[in-house]
Amino acid sequence: MKTERVRSKVKGKQLSTFNSITCGEGNPSSLKCVFYDLENGEVATFFTPDNIHEGHTGIMHGGLSASVLDEVMGRATLHRTASEGEWLPKYVTAEMTTKYLKPILIGNKMFAYGRVTDVNGRCCFASAEITDEFGEIMATAQGVYVKVDQLKDLIPSEEYIKKTALLTKEDPKEL
């Protein structure tokens, strides 16, 4: 299945989590994703899996695909929160359904896009997909994220924010 995505302008870059499997600079097994807020309200990233990310020979492990999908949906809830004037991590994953449509091959560049589809009380609903460079959809997910007020004390330092969340000339202009 192919998607006809309209590219959207990059508005900003989200903070990374140092030891994360998806974006951790301090994790040698990380996919080294960088997450971008897009003008259309989505959050996007791109990555190229390496041999260390294999499940079957030559194919990225499905759990890592699910991790990317979960992360991009969860970060879409952050994008929504930021657009309301706050950067507090308010939502955690409560439920997620993943559909694997095609294997993600090691060495192939992939893109992931996530968005909030609805908010109802403490629940935030999101969807996401991973596509290849040609727009072929490799995996999709739907998720439910629940607001958790206890997370408000986990705000990163100003120094960390300045170091990781500023756009640079190496960052893409559109995704």
Side-chain angles (χ1 to χ4, degrees), residues 10-38 42-83 86-94 96 98 100 103-116 124 126 128-133 138-139 141 143 145-175:
V10 171
K11 274 181 37 175
K13 182 165 58 172
Q14 292 195 359
L15 299 175
S16 63
T17 304
F18 189 72
N19 290 310
S20 168
I21 191 67
T22 58
C23 63
E25 294 175 20
N27 184 341
S29 299
S30 170
L31 287 164
K32 307 293 188 240
C33 294
V34 177
F35 294 91
Y36 296 97
D37 296 321
L38 302 182
E42 293 181 320
V43 171
T45 191
F46 55 90
F47 61 94
T48 303
D50 203 350
N51 292 335
I52 196 168
H53 305 118
E54 280 183 341
H56 293 287
T57 303
I59 299 172
M60 182 171 154
H61 192 284
L64 286 174
S65 301
S67 293
V68 171
L69 291 164
D70 182 34
E71 190 81 17
V72 80
M73 286 189 294
R75 285 174 175 275
T77 71
L78 287 174
H79 181 68
R80 180 183 174 277
T81 304
S83 68
E86 294 183 68
W87 271 107
L88 302 179
K90 291 187 173 187
Y91 294 94
V92 295
T93 311
M96 185 173 134
T98 305
Y100 301 96
I104 295 175
L105 301 179
I106 298 303
N108 287 1
K109 187 173 185 179
M110 296 290 144
F111 296 83
Y113 301 91
R115 71 212 50 84
V116 171
C124 187
E129 64 277 336
I130 295 174
T131 69
D132 68 9
E133 291 182 274
M138 311 306 275
Y145 295 78
V146 177
K147 188 174 182 179
V148 181
D149 292 328
Q150 296 90 322
L151 296 179
K152 65 184 175 188
D153 298 326
L154 300 177
I155 302 170
S157 69
E158 288 295 320
E159 179 182 325
Y160 186 74
I161 291 170
K162 287 178 185 173
K163 178 183 170 197
T164 62
L166 297 176
L167 286 171
T168 66
K169 63 183 177 188
E170 288 83 27
D171 289 311
K173 305 295 180 230
E174 291 183 330
L175 282 169

Task: Residues in salt bridge (Lys or Arg N to Asp or Glu O under 4.0 Å) contact with Glu54, at least two apart in sequence or another chain - done: none
Task: Nearest atoms (heavy-atom pairs only) where Gln14 meets Leu78 - done: OE1-CD1, 3.8 Å
Open item on the list: To check you understand the geometry: which heavy-atom pair defines the closest contact between Lys147 and Tyr91, and what is its length?
Closed with: N-CD2, 3.5 Å
Open item on the list: The test is side-chain contact (heavy atoms from CB on, under 4.5 Å); show your working for Ile106 and Ile59 and say whether it passes.
Closed with: CA-CA 5 Å; Ile106 298 303; Ile59 299 172; 5.8 Å; no
Open item on the list: Going by the rule side chain to side chain donor-acceptor pair (under 3.5 Å), which residues pair with Tyr113 if we only count those two or more places apart in sequence or in a different chain?
Closed with: none
Open item on the list: Taking side-chain contact (heavy atoms from CB on, under 4.5 Å) as the definition, give me every residue that meets it alongside Ser30, ordered by chain and number, with sequence neighbours left out.
Closed with: Asn27, Lys32
Task: With Glu133 via side chain to side chain donor-acceptor pair (under 3.5 Å) - residues at least two apart - done: none
TODO: Return the orientation label for the Tyr36 and Phe46 ring planes: parallel under 30°, perpendicular over 60°, tilted otherwise.
DONE: parallel
Open item on the list: Working note: Arg75 + Cys33, criterion side-chain contact (heavy atoms from CB on, under 4.5 Å); need CA distance, chi angles, decisive distance, verdict.
Closed with: CA-CA 12 Å; Arg75 285 174 175 275; Cys33 294; over 6 Å; no
TODO: Mind checking side chain to side chain donor-acceptor pair (under 3.5 Å) for Thr93 and listing every partner two or more places apart, or none if nothing turns up?
DONE: Asp70
Open item on the list: Run the side chain to side chain donor-acceptor pair (under 3.5 Å) test against Thr45 and tell me which residues pass, sequence neighbours left out.
Closed with: none
Task: Qualifying salt bridge (charged side-chain N to carboxylate O under 4.0 Å, His left out) pairs with a residue from residues 106-115, counting only residues at least two apart or across chains - done: Glu42-Arg115, Arg115-Glu129
Distance-only donor-acceptor pairs under 3.5 Å for side chains of residues 61-68, two or more places apart:
residue: His61; atom: ND1; partner: Gly63; partner atom: N; Å: 2.7
residue: Ser67; atom: OG; partner: Gly63; partner atom: O; Å: 3.0

TODO: With side-chain contact (heavy atoms from CB on, under 4.5 Å) as the test, would you mind laying out the steps for Ile21 and Leu31 before giving the verdict?
DONE: CA-CA 7 Å; Ile21 191 67; Leu31 287 164; over 6 Å; no
TODO: Using side-chain contact (heavy atoms from CB on, under 4.5 Å) as the criterion, list what pairs up with Ala141, not counting sequence neighbours.
DONE: Leu69, Met73, Met96, Thr98
Open item on the list: Run Leu38 and Val10 through side-chain contact (heavy atoms from CB on, under 4.5 Å) and show every step you take.
Closed with: CA-CA 5 Å; Leu38 302 182; Val10 171; 3.9 Å; yes
- [ ] Name all residues meeting the side-chain contact (heavy atoms from CB on, under 4.5 Å) criterion together with Asn19; count only those two or more places apart in sequence or in a different chain, and write none if there are none.
- [x] none
